[in-house]
Undergrad: 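Have a look at the structure that comes next, please.
Only heavy atoms go into these numbers, but all of them, side chains included; no hydrogens, no water, no symmetry mates. Numbers restart at 1 for each chain; the letters A, B, ... are given by sequence-line order, proteins then strands.
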Amino acid sequence: MKKMQYDHAKIEAKWQKYWATVGLFQDQVAVLPKNKQYLLFAFAYPSGSGLHVGHVESKTALDMLTRFYRMTGQDVYFPVGWDAFGLPAENYAIKTGVHPAVTTREAIDTFRGQIQRLGISYDWANELATNHPGYYRWTQWLFLQLYKKGLAYRGIGVVNWCPKDQTVLANEQVVEGHCERCGTKVVQKELEQWYFKITQYQDELLDGLNQVDWPEATKQHQRNWIGKVKGLTIDFTLKKNSQALPVWTKFWETVYGATFVVMAPEKFEALKLGNLVAADRQQAVADYLDQAKHKTEEERRIGEKDKTGVNTGLTVVNLVNGQEVPLFVADYILMGVGTAIVMGVPAHDERDFAFAKKYSLPITQVVSYDDSKIDQAVRNSERSFEGPGKLVNSGQFDGQEAWGAGKENMAAWMIEQGFARWETTYKLRDWLISRQRYWGAPIPIVYDPDGKPHPVKEEHLPWTLPTDVDFKPTGESPLKSSQEFVARTEKLYGKGWRPEFDTMDTFVDSSWYFLRYLDARNTKAFADPKQLKAWLPVDLYLIGPEHIVLHLLYARFFTKFLRDEGYLTINEPFTKMRHQGMILGPDGKKMSKSKGNVINPDEIISKFGADTLRIYEMFMGPLEAAKPWDDRAVAGVARFLKRVFAVYQLKVSSQTDPALARKLHQTLKKVTADIPALKFNTAIAAMMEFLNLWEKTARDSDETALTSQDLVMFIKMLAPFAPFMAEELYGQLVSVKGTKQYQGVHVQPWPKFDAKLAQEERVAVAVQVDGKLRGQLTVEHGQLEDQTTILVEARKLAGVEKWLKDKQIVKEIYIPGKIVSFATK
RNA sequence: GCCGCGGUGGUGAAAUCGGUAUACACGCAAGACUUAAAAUCUUGUUCUGGCAACAGAGUGUGGGUUCGACCCCCACCCGCGGCACCA
């Protein structure tokens, strides 16, 4: 046989072309599946800079799994698409004047080429892009369904506004008071906007988490985000007119210690309590309210250390003991948390303590603590403390456990008295979806001349995004600059009618794409119900940890809504989910252009080949871990593949070396178990181990030491990992290659290992004396259960005998095939 | 502060159920080939002592359970991610 050198560029180009020609693994969703595997990768935003190594990691992992499942005879669906609306393309357009549609198309073309070079076996038949009218028509349809049910509504509210991007942001897109995207300080603005009523499903979104196989941390994040808390709402009353001021709290056991009541400025205005304020306080209160209104989120945050407030001069009655306490307004009380009215218990709450100190308010201790140091400090009003203890100064409840019986009894009593009730609160807010941006799906709403909103008629969908638009940010929606858009609206709905000029948050587009994947060319429905039923839910979703909260919550919300509307039969869209870890630069830091530590996958491919890149990224470590890039380790993987290729150029043996056969089956067993467990790193290590033994066995010979059947077995094992090389080597081995009957390695059945052959004949059993390893006993496989003999043999081992001499054995243990343990006195 | 994840050789990391800690790879060292270098191959590589046999120590720290702990329990330290004036 002619010896060939491993030429990755030639081999990869050849097979990429061949697979494309025969349409390998295309259009798979049409088949009604028996053993379905719907594998999903969080679709990418097609940025101008192309695929990065992080994309490669998750795409490769799923591709390996996909190829493995196919070989084991399952019906796999592995689709691809583009999250194509969004800010970067629009910002680029503002800078250069190039239309986002153009840059997006170019970026998608780049990505597509890179993906094919990587050997990712996507099914392209249902490729989709969210900016395509054929897609966003159904995004708009979804909006209209929500609208019909009152789950898409218009509301006035204080919104987060990014002055640089000139748009509203969802709460989720504000990170520490700054815009998630551009880092600009976010300001508050009052606007009328569209919301999706996700809170309608808050309990189900919480409960559903118990049904899915997701990382515990992710579920916990979602739970925290929904933030369900059971508390007690207690009425305090305004002395002047007996008006009830409900206070919500988790710590009602400290209610006897309330020495003031404080409410959010917005709440004070909403309740119109200003009129009740005595004349001499009017000015001070008005000033404070005005000042609070003009504070940004950031300024309020700074106030954390120095709390401000104003005494309204009004008096409030604490109904538990009739005590009269002052009413304050303070901006450390947040609108939207509880009732926005808080009882101030300075002895047992840090914030209330700081406030009481500043305004010289009394501090009443109502819980005494076992720790005398703490108790002393609280008694002397030196600090506040929250913790378990006994109630004091609390009327009939004195002496009861504050975090036990006392808490329960007090709640029961207050409820019985009629001035308290249970109330559950949530942190989750409705989803603000309006964006004053161009590059998104238009909200399908038109306004009549009176300004009343009406849904765009379904026959007018897709409600297309106009093209005659000036992108320059003005603080208003760019769509306002389109003449065509207004003309179209007037033509279809009448003179004086106006379209909604805002577009939808791109999270709307990207939170239902996994449904459209199943039938992306359907023009009658977002997907054929038969396909939806056959393929949903998604069996495995691989997604970056950055999407833990928003995307997943929204996708689950849509799923539940569409189920209620009769379109879906599932409760949860993603049965199993895992996260891939971030690939860091060689310096161990997050890759970024400014740090100059970015690794370009194209360069790795041209230097070492796609097979090497794939295997290296999977070999770096566990899929979910953050891993730094190591150039030299890449070369190590390239070496591995080169060695595999070289050993396949030897003459095929007529018999397989027995020791090597055992190792082969052991390796196959390990790889077969590791792939579905997503433990690609150890599967690769096992194959490397096999190669090490193989080379040793075949050394100083011109033969492979494997039969052609066993050579095929290993190459099939390698196929999901290194699809190009596997196809090449398989072709070299199989005689029908080049003929019409030739079918590549990727459609071959996954080999079966011989369990008996994979078992070692002799097993090394470790022998311990007093927990220390003192010897090793080699036992024939058939003798493993013979405890008596083994214990006798173990004692006789030279290294063991030495340590047992002059000692009395008090216990001896034998775990078959593992260990012998002697305990002595 | 709260929630979550993690801490193992010089480095990335293995260790399936509580059972021989450090597989695999990188790096490093020595050697082979070479005029030389690169590439490739071979051998070694947890630490301490010892020529060696061997002995001792060893999975962030301190304790505990167990014949036996990277793994389980308690207390703590450090790193990373998220949330945070949430009453």
Side-chain angles (χ1 to χ4, degrees), chain A residues 175-176 215-221 223-225 227 229 231 247-252 254 262 264 300-305 307 330-334 336-345 348-352 354-355 386 425-427 545-546 548-549 581-582 588 616 619-622 624-637 639-640 642-643 646 670 673-674 677 679 681-692 695-696 699 764-777 799 802 809-824:
Chain A
V175 179
E176 294 195 352
E216 198 46 49
T218 305
K219 294 196 211 177
Q220 204 52 47
H221 265 105
R223 289 190 191 108
N224 290 346
W225 194 263
V229 185
V247 156
W248 182 83
T249 178
K250 286 189 289 189
F251 306 106
W252 59 83
T254 62
V262 56
R300 274 200 179 192
R301 193 182 309 280
I302 291 163
E304 212 170 312
K305 285 170 202 117
K307 299 194 186 333
D331 63 10
Y332 81 91
I333 306 305
L334 303 176
V337 178
T339 56
I341 310 175
V342 171
M343 62 177 191
V345 185
H348 306 289
D349 182 281
E350 213 183 312
R351 295 152 305 172
D352 295 345
F355 195 76
E386 293 168 42
T425 65
Y426 296 82
K427 257 195 260 182
E546 69 276 15
I548 278 176
V549 177
M582 196 186 296
Y616 170 64
F619 185 60
M620 291 172 88
E624 66 280 5
K627 300 146 287 213
W629 187 271
D630 182 350
D631 278 315
R632 289 184 297 205
V634 183
V637 170
R639 213 171 293 148
F640 164 69
K642 225 163 150 178
R643 286 160 57 205
K670 172 118 184 97
D674 279 354
K679 289 161 76 175
N681 54 333
T682 50
I684 293 163
M687 289 189 286
M688 287 175 168
E689 238 180 288
F690 174 73
L691 178 66
N692 289 344
E695 283 182 330
K696 211 174 263 182
R699 190 181 298 160
V765 173
V767 182
Q768 292 184 345
V769 178
D770 291 326
K772 281 211 179 351
L773 184 69
R774 295 301 183 190
Q776 219 177 52
L777 198 61
K802 190 166 91 185
I809 297 176
V810 289
K811 197 166 187 177
E812 45 185 28
I813 287 166
Y814 171 57
I815 307 292
K818 300 270 187 188
I819 209 157
V820 171
S821 183
F822 296 109
T824 69

Undergrad: Choosing from B/rU20, B/rC24, B/rC83, which nucleotide comes nearest the side chain of A/L773?
TA: B/rU20
Undergrad: Can you identify which nucleotide, out of B/rC3, B/rC41, B/rC83, has its nearest atom closest to the A/R643 side chain?
TA: B/rC41
Undergrad: Produce a footprint string for nucleotides 49-75 of chain B: one letter per nucleotide, 5' end first; B if the base is under 4.0 Å from any protein heavy atom, S if only the sugar-phosphate is, - if neither.
TA: -----SSSS---------BS-------
Undergrad: Using 4.0 Å as the upper bound for N to carboxylate O, is an ion pair formed by A/D770 and A/K772?
TA: no
Undergrad: Counting heavy atoms from C-beta on, name the nucleotide in B/rC3, B/rC24, B/rU20 closest to the side chain of A/N224.
TA: B/rC3
Undergrad: So what does the secondary structure string of RNA chain B come out as, 5' to 3', with Watson-Crick or wobble pairs under 3.5 angstrom, [ ] for crossing and | for pairs with another strand?
TA: (((((((..(((......[....)))((((((.......))))))((((....))))..(((((..]....))))))))))))....
Undergrad: Quote, to the nearest angstrom, the P distance that separates B/rG12 from B/rG1.
TA: 29 Å
Undergrad: Base, sugar-phosphate, or nothing for A/R639, non-hydrogen atoms under 4.0 angstrom?
TA: sugar-phosphate
Undergrad: B/rG12 P sits how many Å from A/M620 CE, rounded?
TA: 11 Å
Undergrad: Would you mind telling me which of B/rC26, B/rG12, B/rC86 lies closest to the side-chain atoms of A/F619?
TA: B/rG12
Undergrad: When you get a sec, tell me which of B/rU40, B/rA25, B/rC85 is the closest nucleotide to the side chain of A/D331?
TA: B/rC85
Undergrad: Going by heavy atoms in the side chains, are A/F251 and A/H348 under 4.5 Å from each other?
TA: no
Undergrad: Under 4.0 Å between any heavy atoms, over every strand shown, what does A/R632 touch: base, sugar-phosphate, or nothing? Just pick one.
TA: sugar-phosphate
Undergrad: Please state the P separation for the pair B/rA23 and B/rG10 - nearest whole angstrom.
TA: 14 Å
Undergrad: Just confirming the chi classification of B/rG79, syn or anti, using 90° around 0 as the syn window.
TA: anti
Undergrad: Name the orientation class of the two ring planes belonging to A/W629 and A/Y616 (parallel below 30°, tilted from 30 to 60°, perpendicular beyond 60°).
TA: perpendicular
Undergrad: From B/rA25, B/rU42, B/rU20, pick the nucleotide closest to the side chain of A/M688?
TA: B/rA25
Undergrad: List, with names and distances, any nitrogen or oxygen atoms from the protein found under 3.5 Å away from nitrogen or oxygen atoms belonging to nucleotides 9-11 of chain B.
TA:
none

Undergrad: Would you mind classifying the nucleic acid contact of A/P215 as base, sugar-phosphate or nothing, using non-hydrogen atoms under 4.0 angstrom?
TA: nothing
Undergrad: Flag the pair A/R223 / A/K219 as yes when at least one side-chain heavy-atom distance between them is below 4.5 Å, and no otherwise.
TA: yes
